[in-house]
Number of protein chains: 4
Amino acid sequence: MTKKPTKAASSSADRAKGRADATQGIDDAAPASNRALRAQERRAAIVEAAMEEFIARGFAATRLDDIAKRAGVAKGTIYLHFKDKESMFEELVRIVIVPVVARLNALPPPTGTVRELVEAFAGNFLKEVIGTRRGDLVRLIVAEGPRFPSVADFYYREVVSRGIAGMRALIELGIARGEIREKDLARFPQILVAPAMIAVIWQSLFARHAPLDAQEMLRVHLDLIFGERRTT
Amino acid sequence: MTKKPTKAASSSADRAKGRADATQGIDDAAPASNRALRAQERRAAIVEAAMEEFIARGFAATRLDDIAKRAGVAKGTIYLHFKDKESMFEELVRIVIVPVVARLNALPPPTGTVRELVEAFAGNFLKEVIGTRRGDLVRLIVAEGPRFPSVADFYYREVVSRGIAGMRALIELGIARGEIREKDLARFPQILVAPAMIAVIWQSLFARHAPLDAQEMLRVHLDLIFGERRTT
Amino acid sequence: MTKKPTKAASSSADRAKGRADATQGIDDAAPASNRALRAQERRAAIVEAAMEEFIARGFAATRLDDIAKRAGVAKGTIYLHFKDKESMFEELVRIVIVPVVARLNALPPPTGTVRELVEAFAGNFLKEVIGTRRGDLVRLIVAEGPRFPSVADFYYREVVSRGIAGMRALIELGIARGEIREKDLARFPQILVAPAMIAVIWQSLFARHAPLDAQEMLRVHLDLIFGERRTT
Amino acid sequence: MTKKPTKAASSSADRAKGRADATQGIDDAAPASNRALRAQERRAAIVEAAMEEFIARGFAATRLDDIAKRAGVAKGTIYLHFKDKESMFEELVRIVIVPVVARLNALPPPTGTVRELVEAFAGNFLKEVIGTRRGDLVRLIVAEGPRFPSVADFYYREVVSRGIAGMRALIELGIARGEIREKDLARFPQILVAPAMIAVIWQSLFARHAPLDAQEMLRVHLDLIFGERRTT
DNA sequence: TATGAATGAGAGTTCATTCAT
DNA sequence: TATGAATGAACTCTCATTCAT
């Protein structure tokens with residue numbers, strides 16, 4: 001997790017870093033960094049617990065008491081790391097999303113056909129997002145976005161706009177290579193990812209009633225775009 | 001005294017008024033139905049107000065005080081119509097959704113090509129859902145669904161499953177008539193509506209950053225499915 | 001008590017007044033005004049209780065819980081009458097001081113010598129302020145004034161400046177009549193009341209260690225100003 | 001290691017520094033006294049900081065965190081010097097008041113007329129108390145006295161009773177020498193200092209609205225007691 | 001000796017729900 | 001039937017105090 005300390009946590013975090021560097025290689029540095037380490041662990045535990053609770057209950061219905069209990073810390077400890085409930089929520093989303101963005105930026109080497117690229121990407125999405133905590137996060141953002149414009153903004157800026165741009169590039173490549181016939185698709189990359197989004201939402205709302213084979217659905221959707229796959 | 005009409009806010013209010021007009025002139029009925037009439041109006045006002053507030057703030061953050069104020073009734077009056085906040089929310093969604101279902105059932109006469117049918121449907125959806133209160137309702141259900149399984153269930157049963165079934169029928173018709181080539185599409189009617197759903201969500205979260213021309217997007221999507229439209 | 005209702009309390013207070021006027025003389029007005037009456041009583045009880053607690057503990061150390069308990073109401077009821085703890089304190093001082101000012105304005109008929117007037121005034125002060133709740137209020141204002149400028153301002157405007165002006169008028173009359181020799185006294189009416197203030201503070205802090213005969217002290221002070229009294 | 005010096009904050013700090021310079025060069029004493037020295041300095045800093053904060057906010061509203069920050073020590077360090085917040089406050093007042101008493105005891109040689117003595121005293125009071133931190137301390141004691149009887153007791157015993165006794169002695173001298181005519185004044189020395197006290201309070205509460213020329217007021221008051229001064 | 005992260009009791013405030021009118 | 005004052009449980013946030021380092 002890339003350090004992005006709260007004001008409250010910054011001093012200890014910074015100092016910890018400094019000290020660790022200074023005592024690099026010296027055994028008895030352990031106790032010094034133990035403190036910082038424990039602080040990091042606590043912070044991580046709070047983030048983890050808060051995420052679970054926010055996803056399970058939404059922002060307003062989540063009790064800080066429950067987050068504390070789940071994280072195994074005292075109520076007051078939360079306030080050593082976050083200013084208040086609101087900014088905790090906002091920061092949380094950032095904290096959880098940043099590594100996602102990082103991974104998106106670590107582009108896979110563009111080899112093979114565009115369809116293969118998109119399939120690889122979709123496969124990854126299936127595994128890592130649909131039906132997972134990460135998927136619930138998406139639903140959380142959809143749910144709370146209007147009340148937390150800064151969260152929606154952040155999510156748009158960091159994830160959506162980049163994702164859209166990436167998709168558009170892929171689509172244009174596909175068009176240039178003749179893999180995609182529908183030229184206007186480049187104007188609406190949302191169409192490419194729409195079924196994936198629907199799958200995310202479907203899983204958390206309706207999976208009970210009618211399980212959805214997301215993988216198959218994506219395949220069909222890609223057939224629509226790239227033309228039917230020959231007999232594999 | 002119909003205590004719990006399964007009619008939507010507006011329509012029930014309108015009908016109630018109509019009835020009052022109809023019974024005009026019957027002396028001993030007038031005062032009695034006046035009472036009922038007023039009760040109906042109040043109830044409708046509460047439903048309307050509650051919907052606005054729930055959409056704007058979500059379930060937990062909505063105050064009954066605000067609903068009462070907006071509806072122009074006293075706080076206690078709400079409890080004459082609904083058991084408590086939770087069951088009010090659950091009932092509310094039902095009340096608002098029922099007329100939607102009713103309209104869906106009043107199928108438009110299936111004339112013309114399948115594409116024309118779907119386009120008509122999509123056009124209606126564009127006008128009546130995307131960027132409207134009704135669209136926000138969809139987002140509200142996505143947001144609160146996990147905490148209100150009964151709401152999600154109801155929505156699935158009354159709207160989603162029927163909608164899916166209807167789409168499937170259309171798709172099969174399209175396949176039979178040769179308008180749709182991708183045969184597997186019938187297995188995932190979700191693909192047909194996915195961009196529409198995405199448009200709904202996009203409007204309430206990201207319209208500010210990047211307005212989305214939903215109409216055009218739907219057209220492109222239909223081109224994908226039905227093959228490109230010739231020059232008009 | 002001149003009605004000066006809080007925003008929260010205003011509606012009920014106003015309506016109560018209106019209704020009371022409307023139903024003047026009609027017996028069954030009782031139940032209607034009972035409500036308003038009870039509300040007034042509650043409000044008065046809160047004011048009374050809050051005053052006691054604030055005097056006993058100061059602003060910061062006073063618990064709303066204790067005020068509620070002492071007033072015999074629920075904690076939430078306080079918020080029907082006052083916006084929050086701070087504005088409750090500020091309003092409280094106003095509420096308690098207003099009748100004091102009213103009484104000051106109801107000037108006693110200026111008969112007899114200036115010394116007699118001043119003695120009458122001092123006698124009243126002795127009876128009504130020194131060693132009473134009212135005296136404690138003065139100490140409370142001294143204590144909290146710097147943290148509640150609005151309170152200090154109000155007290156200065158309504159009580160201190162008027163009191164000073166009144167004293168100055170009396171002193172000038174005394175000088176004109178030849179009862180007071182020290183002409184510069186009119187420039188510092190504070191001197192006239194200083195021992196009275198000291199007596200107020202003394203009673204609440206040191207009475208235990210060394211009781212102070214305030215009456216005698218004031219007499220000696222007046223002798224200083226008016227010259228020794230002959231053997232009456 | 002003198003644990004609880006009975007010296008005032010500032011003076012002890014200054015003196016401590018002086019001592020450190022004096023013991024410079026004694027090898028094995030240096031580190032030991034360095035420790036004690038640092039401790040003394042810290043303690044003095046805490047006392048100073050605490051005084052400022054208590055005066056500015058009162059006892060209950062003062063945060064130990066702020067005291068620590070202002071003193072440049074960690075929160076925990078305070079507890080190495082004081083048992084808890086309450087006893088810190090009580091001790092503090094003692095620490096700050098002791099040097100005042102000491103100075104009072106170092107009586108100036110009684111030369112000249114009584115009026116001159118009193119004027120010298122009043123002049124000193126004007127300079128050192130009215131409108132200064134020391135004056136605020138008086139207000140603090142008035143404010144917190146009822147909640148800290150031990151503070152009020154201490155202040156009475158060490159300052160008030162001695163001051164009263166001293167004033168009485170002066171007054172009696174004045175009467176004996178014929179400078180003061182009003183014999184009963186000796187029974188109420190409070191009258192002599194009352195305007196000075198009023199000036200202290202006035203400065204911190206009302207100076208903004210109506211500045212008070214304390215020096216002139218005291219002069220007028222002394223004229224009242226000693227008779228008008230001739231044209232110097 | 002000094003630190004400051006951690007604690008958790010306790011404070012102010014809100015708001016769903018009740019009930020006398 | 002309708003009201004809205006009253007309730008008090010429950011929530012967020014603060015801060016004196018402790019203790020491992």
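A note on names: the letters A, B, ... follow the listed sequences, proteins ahead of strands, and every chain is numbered from 1.
Contact annotation: C:His81 side-chain N/O to F:dA5 OP1/OP2 distance is not under 4.0 Å.
Among A:Arg43, A:Lys83, A:Lys85, the one residue that satisfies the salt bridge (Lys or Arg N to Asp or Glu O under 4.0 Å) test with A:Glu91 is A:Arg43. Checking each of A:Arg70, A:Arg63, A:Lys69 against A:Glu53 for a salt bridge (Lys or Arg N to Asp or Glu O under 4.0 Å) leaves exactly one that passes, namely A:Arg70.
When each of B:Tyr79 and A:Gly72 is assigned the nucleotide of DNA chain E with its nearest heavy atom, A:Gly72 is the one assigned upstream, toward the 5' end. A residue-by-residue look at B:Lys83 and D:Ala74 shows that D:Ala74 has its nearest nucleotide of DNA chain E further toward the 5' end. Residue order along DNA chain F, read from the 5' end via each residue's closest nucleotide, puts C:Arg42 first among C:Arg42 and A:Asp65.
A salt bridge links C:Glu144 with C:Arg147: the distance from a Lys NZ or Arg NE/NH1/NH2 to an Asp or Glu carboxylate oxygen falls below 4.0 Å.
Proximity note for C:Asp84 (side chain, C-beta onward) versus F:dT17, F:dT12, E:dT13: the nearest is E:dT13. Distance from the side chain of C:Arg63 is smallest to E:dA11 among F:dT14, E:dA11, E:dA2. Of all nucleotides listed (E:dA6, E:dA16, E:dT7), E:dT7 comes nearest to the side chain of A:Val73.
The base of E:dT17 sits with one of its N or O atoms less than 3.5 Å from a complementary donor or acceptor on the side chain of B:Lys75.
The nearest pair of heavy atoms linking A:Ile67 to A:Ile78 is CG2-CD1, 4.1 Å.
Pairing for F:dT21 is with E:dA2, a Watson-Crick or G-U wobble pair whose two hydrogen-bonding atom distances lie under 3.5 Å. Pair assignment for F:dA16 gives E:dT7, based on Watson-Crick or G-U wobble hydrogen-bonding distances that are each under 3.5 Å.
In this structure, CD1 of C:Ile78 is placed 10 Å from P of E:dT13, rounded to the nearest angstrom. Distance C:Leu80 CG to F:dT7 P: 8 Å, rounded to the nearest Å. To the nearest angstrom, C1' of E:dT3 lies 14 Å from NZ of D:Lys69. Spacing between atom CD of D:Glu86 and atom C1' of F:dC15 amounts to 15 Å, rounded to whole angstrom units. Across the protein-nucleic acid pair, B:Leu64 atom CG and F:dG4 atom P stand 15 Å apart, rounded to whole Å.
In this structure, D:Phe89 has its ring center no closer than 6.0 Å to that of D:Phe82.
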